[in-house]
Amino acid sequence: MRLLFSQRYHRAIEQAAIAIDIPDAARRKVWAWLSANNTSLGIRRDPNDNWVSNSSILEETESDLLIENGWDRLPVTPYPTDTQYHAALRLLVLDGQGFFVFDTIEAASSYMDAPEKDLLRQKVNQIFELHDCPWRMSDGEFFKLDADFVGARIAASTHDSLVANQFAGAANEFSKARQYLGTGDVREAIFFAGHSFESVMTVLTNLEHANGDRLIKELGAKGFLDDLPESVRAGFMDQVLKALPFLRNKLGGHGQGKNVVAIPSAYGDLAIQIAAAFQNFLITKHLERSPPPRPEPEPEEKQFSLDDDIPF
């Protein structure tokens with residue numbers, strides 16, 4: 001099981017460096033969706049025993065929360081005397097700390113198959129957008145967005161695009177960039193945003209251990225920008241694509257020398273949004289050059305007329 005939200009951000013939570021405000025209406029809608037989609041499960045708890053226990057997504061979610069936090073019971077007051085219908089878990093989602101709400105959703109997601117996970121992601125993001133909650137879910141994890149930033153939707157979809165197109169390393173680095181920004185570590189956010197962009201270019205160019213400048217030149221050499229006029233390509237590579245490596249080298253990893261300065265969070269937002277835009281651009285170019293194979297058509301069912309002989 002992957003680390004839950006409260007485990008990934010435990011230092012920021014302990015230091016009160018992160019605030020999670022989920023409106024009551026959003027909490028009610030999230031719980032209603034989880035309850036309505038509480039699929040039954042068959043769990044084989046002992047690998048040496050063929051016995052299968054009847055369970056459900058919410059039952060396993062509550063069990064995971066107890067185990068991961070070392071609790072005897074969920075931290076809700078007053079604790080419900082009626083244990084039916086996951087009453088304690090319901091109170092945790094409706095009244096508990098925001099990070100426990102995220103833990104509940106992430107744990108529940110881990111028991112869903114791919115289509116269910118995607119429906120959950122879409123629904124939660126829809127609810128949070130409707131209620132101006134600046135958090136989004138991607139690949140089973142929550143990350144924070146600046147709700148006023150015009151590129152918020154781009155960042156929300158980029159991680160999913162990376163995962164779907166076999167850029168796992170870049171997806172992991174992009175996720176780290178968002179996590180560091182959420183905890184206030186802007187320098188690391190910029191560093192990993194830049195690193196994720198370079199990881200995508202590394203996959204596309206097959207160049208290992210090359211820096212951003214070399215990777216961008218190789219993109220041009222391999223024809224990724226051949227749909228631009230030749231007179232524009234060099235300027236596009238130098239003045240557009242090198243913007244993120246510049247931010248990473250000057251603010252995220254190098255160039256500070258002895259005079260290390262505090263970096264305003266707006267520059268972390270900028271780096272993540274640039275990384276998101278550049279990566280979506282490169283994935284689009286990659287798919288144009290190497291489109292996924294078309295699914296084979298399903299065989300047509302043979303049609304029988306009433307005049308056909310009975311097949312036995």
Side-chain angles (χ1 to χ4, degrees), residues 143 145-146 149-152 154-155 157-159 161-163 165-289:
F143 63 95
L145 296 174
D146 181 348
F149 199 90
V150 69
I154 300 175
S157 64
T158 295
H159 190 281
S161 297
L162 291 170
V163 171
N165 291 283
Q166 288 80 51
F167 296 97
N172 183 52
E173 289 157 354
F174 190 70
S175 178
K176 286 182 178 179
R178 293 177 311 185
Q179 290 179 22
Y180 278 118
L181 187 64
T183 60
D185 194 334
V186 181
R187 191 181 309 281
E188 287 296 293
I190 294 173
F191 176 82
F192 278 102
H195 215 313
S196 68
F197 176 48
E198 292 182 6
S199 291
V200 172
M201 292 192 291
T202 297
V203 173
L204 297 181
T205 61
N206 294 314
L207 283 182
E208 297 288 341
H209 311 299
N211 62 20
D213 182 71
R214 179 73 182 88
L215 290 167
I216 289 170
K217 288 179 180 177
E218 188 66 13
L219 285 176
K222 285 187 173 293
F224 278 86
L225 305 175
D226 281 359
D227 51 356
L228 285 176
E230 189 172 356
S231 60
V232 176
R233 293 173 201 165
F236 183 84
M237 288 187 287
D238 286 338
Q239 300 181 41
V240 179
L241 295 183
K242 289 184 181 178
L244 187 55
F246 172 85
L247 282 174
R248 178 198 166 189
N249 291 339
K250 297 300 182 181
L251 299 180
H254 310 286
Q256 292 290 316
K258 295 181 180 179
N259 299 319
V260 178
V261 297
I263 305 172
S265 63
Y267 292 95
D269 281 325
L270 178 63
I272 288 174
Q273 298 301 333
I274 292 175
F278 282 3
Q279 286 164 173
N280 282 338
F281 167 74
L282 291 180
I283 289 171
T284 299
K285 302 297 291 181
H286 168 64
L287 293 177
E288 287 175 356
R289 294 161 58 92

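The structure presented is a predicted model; accordingly, all values stated were derived computationally and were not measured. Values below: every heavy atom of this structure, side chains too, minus hydrogens, waters and symmetry copies.
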Taking side chain as C-beta onward, heavy atoms only, is [X] less than 4.5 Å from [Y]?
X: Leu219; Y: Leu282; result: yes
X: Phe174; Y: Ile272; result: yes
X: Phe246; Y: Leu251; result: no
X: Phe197; Y: Leu215; result: no
X: Leu207; Y: Arg214; result: yes
X: Asp227; Y: Lys285; result: yes
X: Arg289; Y: Phe224; result: yes

Around [X], counting heavy atoms of other residues, nucleotides and ligands shown, do more than 12 lie under 6.0 Å from its [atom1]?
X: Lys242; atom1: NZ; value: yes
X: Lys176; atom1: NZ; value: no
X: Tyr267; atom1: OH; value: no

Atom pair [atom1] ([X]) and [atom2] ([Y]), whose distance is rounded to the nearest 0.5 Å:
X: Asp213; Y: Met237; atom1: CG; atom2: CE; answer: 9.5 Å
X: Ile274; Y: Asp269; atom1: CD1; atom2: CG; answer: 11.0 Å
X: Gln279; Y: Met201; atom1: CD; atom2: CE; answer: 9.0 Å
X: Asn249; Y: Leu244; atom1: CG; atom2: CG; answer: 9.5 Å
X: Lys217; Y: Asn211; atom1: NZ; atom2: CG; answer: 8.5 Å

Non-hydrogen atoms of [X] and [Y] that approach each other most closely:
X: Ser199; Y: Glu173; value: OG-OE1, 2.5 Å
X: Ala193; Y: Ala177; value: N-CB, 3.6 Å
X: Ile190; Y: Ala271; value: CG1-CB, 3.9 Å
X: Phe278; Y: Val240; value: CZ-O, 3.2 Å
X: Arg233; Y: Asp226; value: NH2-O, 3.3 Å
X: Val200; Y: Ala170; value: CG2-CB, 3.5 Å

| said: For Gln179 and Ser175, which I'm curious about, is there any donor-acceptor pair between the side chains at under 3.5 Å? | reply: yes
| message | Classify the ring geometry of Phe191 against His195: parallel below 30°, tilted from 30° to 60°, perpendicular beyond 60°. | response | perpendicular
| Flag, side chain of Glu188 to backbone of Tyr180, donor-acceptor distance under 3.5 Å | no
| Pairs touching residues 198-210 that satisfy salt bridge (Lys or Arg N to Asp or Glu O under 4.0 Å), sequence neighbours left out | Glu198-Arg248
